[in-house]
Asker: 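Here you go, one structure.
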Amino acid sequence: MNMIAPIRRRLVVIGNGMAGIRTVEEILARAPGRFDITVFGTEPLPNYNRILLSPVLSGEKRFAEIVTHGFDWYAEHGIELIAGEAVAAIDRAAQVVRGASGTVRSYDRLLLATGSLPVMLPLPGRELPGVIGFRSLADVETMQQAAARHRQAVVIGGGLLGLEAAWGLRQQGMAVHVVHLMPHLMERQLDETAGELLAEDLVRRGIAVHLEAQTAALLGEDRVRGVQLADGAVLPADLVVMAAGIRANTQLAAAAGIACGRGVIVDDAMTCSDPAIFAVGECVEHDGACYGLVAPIWEMAKVAADHLTETAETGFTPAVTGTRLKVTGIEMFSAGRFQGGAGTESIVLRDTARGSYRRLVLEGERLAGVLCYGEARDAAWYFDLLRSGQDVSALRDGLIFGPAFADAPAAGVPVLADSAEICGCNGVSKGTILAAITAHGLSTVEAVRAHTKASASCGSCAGAVEGLLREALGERYAAPVGEKPMCKCTALGHDTVRRRIVAEGFRTIPQTMEALGWTTPDGCASCRPALNFYLLCAFPEEYADDPQSRFVNEREHANIQKDGTFSVVPRMWGGVTSAGELRAIADVVDKYAIPTVKVTGGQRIDLLGVPREQLADVWHDLNAAGMVSGHAYGKALRTVKTCVGSEWCRFGTQDSTAMGIALERMTWGSWHPHKVKLAVSGCPRNCAEATIKDFGVVAVDSGWELHVGGNGGIKVRPTDLLCKVETAEQVLEYCAAFLQLYREEARYLERTAPWVERVGIAHVRQSIAEDAEGRTALAARFRHAQALLQRDPWAEEAAKRRASVPA
Amino acid sequence: MLVWRDVGTLADIPPRGSIRVGTPAGPVAVFRTGADDVFALVDRCPHKGGPLSHGIVHDARVTCPLHNWVIELATGEAVAPDHGCAQVVVVRLEGARVLLAVTE
Ligand code: SRM
Ligand SMILES: Cc1cc2nc3c(=O)[nH]c(=O)nc-3n(C[C@H](O)[C@H](O)[C@H](O)COP(=O)(O)OP(=O)(O)OC[C@H]3O[C@@H](n4cnc5c(N)ncnc54)[C@H](O)[C@@H]3O)c2cc1C
Ligand code: SF4
Ligand code: FES
């Protein structure tokens, strides 16, 4: 044994990805001071969980949530991270690597972890903008930007990756076609029956599936516009995602003369043909095989760390892996030789009503393969039987029904043995998790993840981990607060419900409730108005508004008062009125003996105490004088307050009154998650109180300041500055875009102030002020909805009600 | 004297909605549920007299438009935690006609 501290040696890691950083972690766990470590990464990012790019694409997670090692982690461990610079060359003789921007680092040991690259099929048109793979955050961002602007996507390849891409794009609101060469989907993970069930499930979610279809060419000039199939059919496409497979990224190693086949060739110790160089991850070829799932890669990381730190003489043996598909609501699991084959027999269970399917493949006394589709709650049990290779003949009769029915304990098999693997990605067993819960007093899934890494990769075992917590803690386990349910009728939160409405294209409230599993026959007074708004906002053309799902004020187009009478507030554009309008109001007050006339805080006049029976006549008379509904009763555009501005005021810099009127003409009659108030002040003295409005405009000499997210109500909140613009047209466009963003993103009954606080002003600025194309698209959607829905409900209702009342 | 007053057809009441009928005992709200059952209550919420006919109807309940009490249509009882009872009026369907029991 060496008694003096070993000199620190230099380790350079090429590839700041899952395999590279996991190996670094394993090294730090074994011998923290052994190496000075430098990590090169092409992506200008810290390490993230690549597996979870799928939920980032679908919108279920934000990027920040999938970062596994933030920049501070590298600093804390004294690791030099060179992010955003690829290694361009390895000089093995000098033991030096050179970065694309010229950075040079020498090494004693080199670790290759360059991952793999999507296979880009050599089709005509493959260089067109809009044709991408699905590998990195940059790809996800490209897809999301395309989804914001375009409608049609085609995914080439119906494997795991392709289907997760398809689902994500569908969730982003695109129409998606999947083109697959084989006769059924995911042929490497599913048999024909399960493949068909999956295709049906996807079609039900609005994804079109083309089987046995070959792509011939990608069409388009400035951008991809279509995909031509070999049979001549053309699918429209503004985005094409190639998910036809991956190949190990060996370029750099091969150029340096390191032995490569399909991947960088390694021995059992993860060493390359050059003994100073190791390789791990998807770039590797071991014993003729390449790997595309993390479970074997974590094994490689351990072995490589053992040898790099010289702490153990281990060898890499690939374990059996199981796969799951990360598409919300589709449960599946498969492992081993689920396809059967010579010398095996299959047991099959199919529940057509539930759309579930199970297939077990037995070889002699042992389980050799398992496939669950539709539900996979017993997957861990089967997988454990499969991996342990134990004799299952005593269980055979009930095996297909799972541990409960197979009467496993009686047959000497625990329902779930301590050795059963709960987290397939990280190889964490039930026993390890239970021990960690007891030893560290853990009580949440996050804490278990931090201690054991269970559920830290693909996350699909989080439910099983929760089950173990419940088993271990019993009553003491407090279920986590996830997304708050919308109401008692559903466990889903507003954001999920809304995303699924858009993605799955529900067209009515009952259809939405049925598809999302509402527990009540027709909802309640909380969820119905919310669903009505979400549907109206998503599909302004097709959706038929449901008056029975609106609060009384919106159904009656007037505010109900405590005595059951109503108030009537006609619109007064920008707070400006005239003798004619005032005279008409006075006449109405006299004619119908309206008890109270009041000037509101919103610069207009309120007529209070009108019985329902008289509303139609009052509206009719006001309409006749040119006035329309002020929507003082709606989750809608309320008032646009203005000051006198440059037309009269000695300080006025712009015509704030005309600006306010233009804004009100553009926005009146628009429906929102909550009420929306605007104001325009002619100078920073701000007499219209624009800085406590949802959208406030303050004129200055050189243009207009735009302020958003203010509130003067229960909890006063001043606005945040969105940006400054120069022209009146810009004010209108930015306002339309802002209101549309609010309509599309805020939860029902959430005003702009709490919404802006929740999503952050940076996000709003990015979407409106910085992303010009996005802004134009938002404004166009607002104007489109207004073209269809901007109308005076008083005129319509007055005509209807007066016609049905006998004179 | 108790009489059956014909207040219209089922089709005159919007599904998950109501109509308001004047009677000597005051206005009555006649509800139609999503399952096409018909119920009637005196149009006064047991809380502060809110017009139940303007509430949102869900399952066999209505939510009062003023302060969101939830009332069982069949019994008029407020759903816990609230306490109170709206007055039930007998109503029946004869074919498609809706008949309301009214004391005249
Ligand atoms: C009529 C009016 C008071 C007045 O006599 O001036 C008024 C009356 C009501 N307000 Fe208001 N608000 C009125 C201006 C305001 C203002 C001032 C303004 O708009 O400049 C505010 C603070 C500014 C703001 O909204 O940021 C205001 C903050 C509220 C709030 C608290 C909102 C919040 O987000 O905190 C409520 C409660 C709610 O909406 O849930 C509310 C709710 C109500 C309701 C609708 C209460 C109800 O549900 O019955 C009142 C209806 C009376 C009726 O039947 O007409 N009213 N209310 C004003 C009508 C303005 C108009 O022309 O449309
Ligand atoms: C969308 C998606 C979903 C997935 N889902 C699952 C799943 O559910 N379960 C599962 O087990 N696996 C899944 N995978 C696969 C899993 O992510 C990979 O197996 C894993 O990331 C491989 O790790 P790696 O380090 O080898 O490669 P990567 O994580 O890709 O890391 C390689 C890194 O090296 C960088 N690099 C390459 N060349 C250079 C260079 N010359 N210089 C510097 N840096 C370089 C790359 O930019 C990259 O950052 C999924 C993958 C994707 C893309
Ligand atoms: S402050 Fe607004 S909500 Fe309160 S009593 Fe006055 S008008 Fe009604
Ligand atoms: S009056 Fe009905 S809830 Fe208050």
Side-chain angles (χ1 to χ4, degrees), chain A residues 486-490 508-514 518-533 544-567 609-615 633-635 748-749 797 800-801 804-806, chain B residues 7-22 26-39 41-74 78-82 86:
Chain A
M486 241 170 106
C487 63
K488 287 195 196 113
C489 308
T490 174
T508 65
I509 292 177
Q511 189 195 0
T512 310
M513 290 179 173
E514 197 190 318
W518 241 242
T519 56
T520 48
D522 42 22
C524 70
S526 297
C527 56
R528 286 238 304 273
L531 294 179
N532 191 53
F533 170 72
D545 195 289
D546 175 19
Q548 300 310 330
S549 295
R550 285 185 176 268
F551 294 124
V552 52
N553 288 354
E554 294 188 353
R555 199 172 343 117
E556 294 297 335
H557 311 288
N559 278 316
I560 195 160
Q561 304 296 313
K562 62 179 189 178
D563 62 355
T565 63
F566 289 85
S567 71
V610 183
R612 183 181 188 275
E613 296 67 39
Q614 270 179 8
L615 284 173
Y633 45 79
K635 309 298 170 213
Y748 195 65
L749 294 189
E797 280 290 310
K800 239 192 291 170
R801 292 187 196 177
S804 66
V805 177
Chain B
V7 295
T9 67
L10 188 62
D12 295 333
I13 315 176
R16 295 179 205 88
S18 71
I19 53 167
R20 200 166 189 241
V21 179
V28 169
V30 184
F31 300 94
R32 171 176 171 190
T33 67
D36 284 344
D37 290 323
V38 175
F39 298 100
L41 298 173
V42 171
D43 199 14
R44 277 183 57 80
C45 175
H47 179 222
K48 291 192 176 178
L52 297 171
S53 56
H54 289 303
I56 287 184
V57 178
H58 46 96
D59 203 355
R61 294 170 169 180
V62 60
T63 297
C64 176
L66 290 198
H67 318 94
N68 296 327
W69 279 31
V70 179
I71 310 294
E72 294 281 5
L73 295 177
V79 171
D82 299 316

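Reckoned from all heavy atoms, side chains included, excluding hydrogens, waters and symmetry mates. Lettering of chains follows the sequences in order, A, B, ..., and the numbering in each one begins at 1.
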Asker: Please classify the contact between A/Ser549 and chain B as side chain, backbone, both or neither, with a heavy-atom cut-off of under 4.5 Å.
Answerer: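 A/Ser549 touches chain B through backbone heavy atoms alone.
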Asker: Is it the case that over 12 heavy atoms from other parts of the model lie below 6.0 angstrom from the CZ atom of B/Arg61?
Answerer: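 No, the 6.0 Å shell around CZ holds no more than 12 heavy atoms from other groups.
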Asker: Would you mind checking which part of A/Arg550 comes under 4.5 Å of any heavy atom in chain B, side chain (CB onward), backbone (N, CA, C, O), both or neither?
Answerer: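 Looking at A/Arg550, just its backbone touches chain B.
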Asker: So do A/Pro529 and B/Ile56 actually touch side chain to side chain, heavy atoms under 4.5 Å?
Answerer: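 A side-chain contact exists here, since the closest heavy-atom pair is under 4.5 Å.
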Asker: Is the number of heavy atoms from other residues, nucleotides or ligands under 6.0 Å of A/Glu514 CD greater than 12?
Answerer: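 Atom CD in A/Glu514 is not crowded, with 12 or fewer foreign heavy atoms closer than 6.0 Å.
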Asker: Can you tell me which residue among A/Tyr633, A/Phe566, A/Phe551 is in a ring-ring contact (aromatic ring centres under 6.0 Å, His included) with B/His54?
Answerer: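 Exactly one pass, corresponding to A/Phe566.
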Asker: Taking all heavy atoms of A/Gly564 and all of B/Pro51, pick out the closest pair and write down the distance.
Answerer: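 Looking at all heavy atoms of both residues, the shortest contact is CA-CG, 4.3 Å.
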Asker: Could you grab the distance from atom CD of A/Gln548 to atom CZ of B/Arg32, nearest 0.5 Å is fine?
Answerer: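 That separation rounds to 10.0 Å.
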Asker: Let me know if A/Pro547 has heavy atoms under 4.5 Å from chain B in its side chain, its backbone, both or neither.
Answerer: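 The answer is neither part of A/Pro547.
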Asker: With side chains defined as the heavy atoms from C-beta onward, is the minimum distance between A/Arg528 and B/Arg16 less than 4.5 Å?
Answerer: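 Of all side-chain heavy-atom pairs linking B/Arg16 with A/Arg528, at least one is under 4.5 Å.
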